[in-house]
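Below is one structure, written out as structure tokens, with a few remarks after it.
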There are 2 protein chains.
Amino acid sequence: MPGTKASTAAEARDQDRRKTILRAAVEVFARKGYHGCRIADVAREAGVAYGLVYHYFKNKEELLQLVFETGWGGFMSRIRDAAEANAPLEQKIRRIAQVAFEAYRIDPRGVRVLVLEFARSPSTGEANRRTAFAEVLGVITRMFERARARGELRAGLEPALCAAMLFGSVEMSLTGFVMGLLDPRESGLLAHAQEQLTSLFLDGARATPEDGRWKKDRSAPRLKTVKRS
Amino acid sequence: MPGTKASTAAEARDQDRRKTILRAAVEVFARKGYHGCRIADVAREAGVAYGLVYHYFKNKEELLQLVFETGWGGFMSRIRDAAEANAPLEQKIRRIAQVAFEAYRIDPRGVRVLVLEFARSPSTGEANRRTAFAEVLGVITRMFERARARGELRAGLEPALCAAMLFGSVEMSLTGFVMGLLDPRESGLLAHAQEQLTSLFLDGARATPEDGRWKKDRSAPRLKTVKRS
DNA sequence: TCCGGCGCTGACTTTCGAGTCAACGAGGGG
DNA sequence: CCCCTCGTTGACTCGAAAGTCAGCGCCGGA
């Protein structure tokens, strides 16, 4: 039936347009932040007319809401996969770190939006960000509860606080990268970050009595200080 | 000289007014966030006329800037004291945690503003928050560098990443409290938080041998479940 | 080639809040 | 007791950006 075919093709083009605009929104959002983001900018970035944005999205809020949901949804599902995997705690934590830093490597701009803008901006009021944090922290808390039940967690540690600390570590590290306070190019810091995060979280920062023990042969133990002024 | 006396008294009253408005600004800011904050709200909260705000402050930006500087400045100087104290790493970390959680206990509203609004909102554009984060992370990074030089830090840990993880842990825990995801009243969680943060950061989350021994077979390809239940 | 619909356009309207300013009145000095 | 100063007031101006809409022109079909 031609009608179906045509309408299908039309719908496909529609979706393309939507995606174009959405991608442009991410771009502008990453560059100028939530407040500095004007619909006119999004339209220009997408190469479409101002009014068209309102054809595809009810208003600015809905647009930004969708930008967020897309990005956050993807991130969340990966985190959830990692946290709910059937694996030892160590592997789960490593995977969580991996999800985060890999996301940054692949799409720094998208991470920037999530970490710096969405996580704290009143887009749909506060409910949104509150829900988002509650979601991650909830998932990770449950991971630690299970770990505790299995005896993988050191005694006396409150799962909810562990979750806050783990996610906080991840998030602030990403913030450091995103803001340029940590330089990803420097001595493979980005690659190192994932392993250090896992290691520090599991075994702590304290020097061991027999310090000098290494899990793995690493060639360059000396890293120049990464400090931005 | 009466003139001096009068002008002094006048100046004192001036400062009172300024403080009243500043305090009102913190209030409104905590309640409605940076974006929802209108000068009209601040004026109403302070019980003064709209125009008077502009007598005491150049513009909205300056007003909010001062709100931040006051709060952040106090926080920073305490953190700096803790990080630069002449004490073992463990004590410094404990003090940093203490500064944060104590601040929350005393003035949740102020912490709310700092943690949820200031830390991530484009107030004076981005420069502000970038500077703020750079400042804390810089101070804490230096703390870890000194610790490493003294042999207090486990080998292979990058100070800048340690700093991001420590501060991230603190910040996300506070976020949890501020957002009500962590309940401070619950079994003394607030008091516990400080100790757990220190303990976990220094010694890790991994169960100790007496908790039940786990081996970390990183390279084992078996993703199959670990039998312990 | 002509027609008709609709995706698309961007100028216009509306809304909203920052920042201004002319005037008011309390209170102190002459 | 009056006037003058200046802190204070809040209605107004102005600009910026969200959101609307009347019509244009592209494209597919006749």
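As the structure is a computational prediction, the values presented were derived from the model and not from experiment. Note on naming: letters A, B, ... go to the chains in the order of the sequence lines (proteins, then strands), and numbering restarts at 1 for each one.
- Of the charged side-chain nitrogens involved, at least one lies within less than 4.0 Å of a carboxylate oxygen, so that B:Asp41 and B:Arg38 count as a salt-bridged pair.
- For an aromatic pair to be called close, the ring centres must be under 6.0 Å apart, and A:Phe68 with A:Phe29 fails this.
- Ion pairing of A:Arg31 with A:Glu45 is present here, as a side-chain N (NZ or NE/NH1/NH2) and a carboxylate O approach within less than 4.0 Å.
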Point to revise | Nucleic acid footprint by protein, nucleotides 16-21 of chain C - heavy-atom cut-off 4.0 Å, B for base, S for sugar-phosphate alone | key: -SBBB-

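- Atom CZ in B:Arg17 sits roughly 17 Å away from atom P in D:dC6 (whole-Å rounding).
- The nearest whole Å value for the distance from the CZ atom in A:Arg44 to the P atom in C:dT9 is 14 Å.
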Exercise for review: Check step by step if salt bridge (charged side-chain N to carboxylate O under 4.0 Å, His left out) holds for A:Arg80 and A:Glu135.
Suggested key: CA-CA 10 Å; A:Arg80 186 172 270 120; A:Glu135 206 180 358; 3.7 Å; yes

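- Nucleic acid contact class of B:Phe57 (heavy atoms, under 4.0 Å, all strands): none.
- If you take CG of B:Leu52 and P of D:dC6, they are 16 Å apart, rounded to a whole angstrom.
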Exercise for review: Go through B:Phe75 and B:Tyr104 one step at a time and tell me if the ring-ring contact (aromatic ring centres under 6.0 Å, His included) criterion holds.
Suggested key: CA-CA 11 Å; B:Phe75 181 71; B:Tyr104 176 76; over 10 Å; no

Review point. Between B:Phe201 and B:Phe144, does a ring-ring contact (aromatic ring centres under 6.0 Å, His included) hold up when you go through it step by step?
Key: CA-CA 13 Å; B:Phe201 196 86; B:Phe144 281 114; 5.8 Å; yes

